[in-house]
> 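The structure's right below; bear with me while I get my questions together.
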Amino acid sequence: MWITVIVACAAAITLAVIFRPVAKSPTAEEPEPTGDRDAVASVAVGQLKGRPVVVTGGWDGTVGVWDLATRRPVGKPMTGHTSVVWSVTVAQVDGRSIAVTLSEDGTMRVWDLATRQSMGKPMVGHTGTTAAVGQLKGRPVVVTGGWDGTVRVWDLTTHRPVGKPITGDTVASVRAVAITQVKGRPVVITGGLKETVRVWDLTTRRPVGKPMTGHTNSVEAVALGRVSGQRVIVTGGSDDSVRVWDLTTHDLLGQLAGHADAVYAVVVAQVDGRPIAVTGDLDGTVRVWDLTTRRPVGKPMTGHTDAVKTVAVAQVDGRPVAVTVDHDNMMRVWDLPAIPRQR
């Protein structure tokens with residue numbers, strides 16, 4: 001079974017992350033709360049030396065790494081931030097596993113996950129809420145969206161800003177960003193309090209095509225995928241909806257109907273060659289969707305007692321799993337249900 005990861009501590013530190021074995025059913029085993037329930041503010045899933053790991057950003061400013069298979073911390077926490085870490089992004093850059101973290105202290109830091117050292121000087125000037133790593137003119141960059149409604153581009157090698165911020169009509173907080181290429185052009189997709197989804201050319205800083213409208217409240221999550229050869233954007237909003245858009249034409253392709261509360265987290269992945277989306281909402285429900293049919297797969301996964309704010313997908317011992325974190329800072333690991341084959 002294949003899976004593609006998409007997109008997301010030492011004993012001396014009390015962590016709110018409670019790893020338990022995944023259950024055989026779609027519902028995760030109920031964890032026993034221990035320690036400080038206010039420790040984890042953000043989470044991402046990635047690879048370190050060929051093993052799946054979870055990287056956490058803490059309310060105390062620390063950044064922790066956990067082995068997803070053993071549920072144990074990997075080394076000591078990484079320190080440097082002086083306030084809550086709002087966002088964690090994991091990527092492979094020049095053959096190294098890195099994490100990019102955004103903090104309330106107004107800095108963004110890059111960490112080498114193998115050496116557990118900070119790479120270069122902190123990047124300052126933007127209190128960001130979300131980030132994505134990509135390429136611009138052959139160089140690795142990170143794009144950040146902030147409380148101030150701007151989108152900024154940073155060179156991951158020099159740690160300096162690239163060009164002017166993207167402002168346009170993003171006059172309210174940017175809550176989600178994603179990077180890709182459209183017709184050979186690097187672009188960033190944004191969503192936020194403006195209720196629209198936008199595509200921006202990273203070279204010219206200008207909008208590409210028409211805005212995607214239809215959400216009636218803030219856009220909280222943006223994910224990219226491919227369905228039957230068609231490139232799509234999947235968005236989740238505070239209007240209780242999950243929408244699927246054509247990345248090229250910006251047309252609405254349909255909705256994933258079922259959530260009854262605001263959708264704060266969306267991830268897209270491929271499992272056994274089938275495109276899926278995993279979504280989490282305000283009431284703590286996690287759902288899996290077949291993006292080809294736009295129908296739910298299996299029953300909703302329940303157990304969280306607060307809004308699900310982060311969803312990631314990974315492979316553990318050959319099994320596809322979802323990792324979710326709620327606003328009560330409880331992390332759960334779920335077996336993903338099998339996707340029925342179309343006849």
> Side-chain donor-acceptor pair under 3.5 Å between Thr324 and Trp334, yes or no?
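A donor-acceptor contact under 3.5 Å links the two side chains.
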
> Just verifying a value: how many Å separate Leu252 CG and Ile233 CD1, rounded to the nearest 0.5 Å?
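Leu252 CG to Ile233 CD1: 11.0 Å, rounded to 0.5 Å.
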
> Taking the side chain from Ser173 and the backbone from Gly149, do they hold a donor-acceptor pair closer than 3.5 Å?
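Flag not set: sc Ser173 to bb Gly149 has no pair under 3.5 Å.
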
> Should Val311 and Leu336 be counted in the same cluster of Ile, Leu, Val, Met, Phe, Trp and Tyr side chains packed under 4.5 Å apart?
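Val311 and Leu336: one cluster.
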
> Specify the closest pair of heavy atoms between Ser42 and Val85, including all atoms of both residues, with the distance to one decimal.
OG-O, 3.0 Å

> Grab the two heavy atoms, one from Gly191 and one from Val222, that are nearest each other, plus how far apart they are.
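Distance-wise, the nearest heavy atoms are N-CG2, 4.2 Å.
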
> Would you give the length of the straight line joining atom CZ of Arg175 to atom NZ of Lys194, rounded to the nearest 0.5 angstrom?
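The NZ atom of Lys194 is 15.5 Å from CZ of Arg175, to the nearest 0.5 Å.
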
> Please tell me if the side chains of Val333 and Leu68 come closer than 4.5 Å, counting only heavy atoms from C-beta onward.
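Val333 vs Leu68: side chains touch.
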
> Any heavy-atom pair between the side chains of Thr101 and Met108 that's under 4.5 Å?
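They are not in side-chain contact.
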
> Salt bridge or not for Asp148 and Arg152, using N-O below 4.0 Å?
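Looking at Asp148 and Arg152, the cut-off is met.
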
> Treating Asp239 as the side-chain partner and Thr216 as the backbone partner, does any N or O pair qualify as donor plus acceptor under 3.5 Å?
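Present.
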
> Under the side-chain hydrogen bond (donor to acceptor under 3.5 Å, both in side chains) rule, what do Gln92 and Ser97 come out as? Steps first, then yes or no, please.
CA-CA 5 Å; Gln92 292 283 327; Ser97 297; 2.5 Å; yes

> Give a yes or no on whether Val187 and Val142 share a hydrophobic cluster (residues Ile, Leu, Val, Met, Phe, Trp, Tyr; joining criterion: side-chain heavy atoms under 4.5 Å apart).
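No, no single cluster joins them.
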
> Should Leu253 and Val227 be regarded as members of a common hydrophobic cluster, given that ILVMFWY residues are connected when their side-chain heavy atoms come within less than 4.5 Å of each other, either directly or indirectly?
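Linked, Leu253 and Val227 end up in one cluster.
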
> Can you tell me if Thr62 and His81 form a side-chain donor-acceptor pair at under 3.5 Å?
no

> Measuring only between side-chain heavy atoms, which start at C-beta, is Val143 closer than 4.5 Å to Val151?
yes

> Using a 3.5 Å cut-off and no angle test, enumerate the donor-acceptor pairs between side-chain atoms of residues 203-212 and protein atoms at least two apart in sequence or in another chain.
| from | atom 1 | to | atom 2 | distance (Å) |
| --- | --- | --- | --- | --- |
| Thr204 | OG1 | Arg206 | N | 3.3 |
| Arg205 | NE | Lys164 | O | 2.9 |
| Arg205 | NH1 | Leu202 | O | 2.3 |
| Arg205 | NH2 | Val162 | O | 2.1 |
| Lys210 | NZ | Asp251 | OD1 | 2.8 |

> Within this structure, what is the CG-CZ distance for the pair Leu247 and Arg231, rounded to the nearest 0.5 Å?
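With rounding to 0.5 Å, CG (Leu247) is 5.0 Å from CZ (Arg231).
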
> Roughly how far apart are Trp66 CH2 and Arg71 CZ, rounded to 0.5 Å?
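That separation rounds to 11.5 Å.
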
> Testing the basics here: between Glu195 and Ser218, what is the closest heavy-atom pair and its distance to 0.1 Å?
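Reported closest heavy-atom pair: CG-N, 4.2 Å.
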
> Establish, from distance only, whether the side-chain atoms of His215 and Thr235 form a donor-acceptor pair under 3.5 Å.
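Side chains of His215 and Thr235: pair found under 3.5 Å.
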
> Is there a side-chain contact between Val266 and Val278 in this structure, where contact means two heavy atoms from C-beta onward sitting under 4.5 Å apart?
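No, their side chains stay 4.5 Å or more apart.
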
> Any chain of hydrophobic side-chain contacts (each under 4.5 Å) joining Val325 to Leu282?
no

> For His259 and Thr285, test the side chains for any donor-to-acceptor distance below 3.5 angstrom and give the result as yes or no.
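No, no side-chain donor-acceptor pair sits under 3.5 Å.
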
> Is there a donor in the side chain of Gln230 and an acceptor in the side chain of Ser228, or the other way round, less than 3.5 Å apart?
no

> Are Ile98 and Val100 side-chain neighbours, meaning at least one heavy-atom pair lies under 4.5 Å?
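Yes, at least one pair of side-chain atoms sits under 4.5 Å.
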
> Is the backbone N or O of Arg116 less than 3.5 Å from a side-chain atom of Asp112, with the two atoms forming a donor-acceptor pair by type?
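Side chain of Asp112 to backbone of Arg116, a donor-acceptor pair under 3.5 Å: no, none is there.
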
> Sort and list the pairs that fulfil side-chain hydrogen bond (donor to acceptor under 3.5 Å, both in side chains) and have at least one residue in residues 129-147, not counting sequence neighbours.
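Sorted pair list: His126-Thr144, Arg139-Asp155, Thr144-Trp154.
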
> Do you know the tightest heavy-atom contact between Ser118 and Arg109?
OG-NH1, 4.1 Å

> Quick check: does any side chain N or O of Arg332 sit under 3.5 Å from a backbone N or O of Gly303, one acting as donor and the other as acceptor?
yes

> Can Trp111 and Gln117 be counted as having a side-chain donor-acceptor contact under 3.5 angstrom?
no

> Pick from Ile179, Ile189, Val232, Val234: which one makes a side-chain contact (heavy atoms from CB on, under 4.5 Å) with Leu224?
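Only match with Leu224 under side-chain contact (heavy atoms from CB on, under 4.5 Å): Ile189.
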
> Any side-chain heavy atom of Met330 within less than 4.5 Å of one from Thr305?
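No. Closest side-chain heavy atoms not under 4.5 Å.
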
> Can you confirm whether the side chains of His327 and Asp306 place a donor and an acceptor under 3.5 Å from each other?
no

> Indicate yes or no for a side-chain donor-acceptor contact from Thr213 to the backbone of Thr196 under 3.5 Å, with no hydrogens or angles considered.
no

> Hey, does the side chain of Ser241 reach the backbone of Arg243 with a donor-acceptor pair shorter than 3.5 angstrom?
no

> Would Leu102 and Met119 show up in the same hydrophobic cluster when neighbours are defined by side-chain heavy atoms closer than 4.5 Å?
yes

> Looking at side-chain heavy atoms only, is the closest gap between Leu136 and Val153 below 4.5 Å?
yes

> When rounded to the nearest 0.5 angstrom, what distance separates CG in Asp261 from CG in Asp281?
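It is 5.5 Å, given to the nearest 0.5 Å.
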
> Go through the steps to decide whether Thr190 and Val197 satisfy the test side chain to side chain contact (heavy atoms under 4.5 Å, CB included), and finish with yes or no.
CA-CA 6 Å; Thr190 62; Val197 181; over 6 Å; no

> In Å, rounded to the nearest 0.5 Å, how long is the span from OG1 of Thr248 to NZ of Lys183?
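The distance works out to 6.5 Å.
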
> So which atom in Ser238 and which in Ala262 form the shortest heavy-atom distance, rounded to 0.1 Å?
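Shortest heavy-atom contact: CA-CB, 3.6 Å.
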
> What pair of heavy atoms forms the shortest contact from Val268 to Gly225, and how long is it?
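Heavy atoms of Val268 and Gly225 come nearest at CG1-CA, 3.7 Å.
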
> Going by distance alone, is a donor N or O of one side chain under 3.5 Å from an acceptor N or O of the other, for Thr167 and Thr150?
no

> Does some side-chain heavy atom of Val188 sit less than 4.5 Å from a side-chain heavy atom of Ile166?
yes

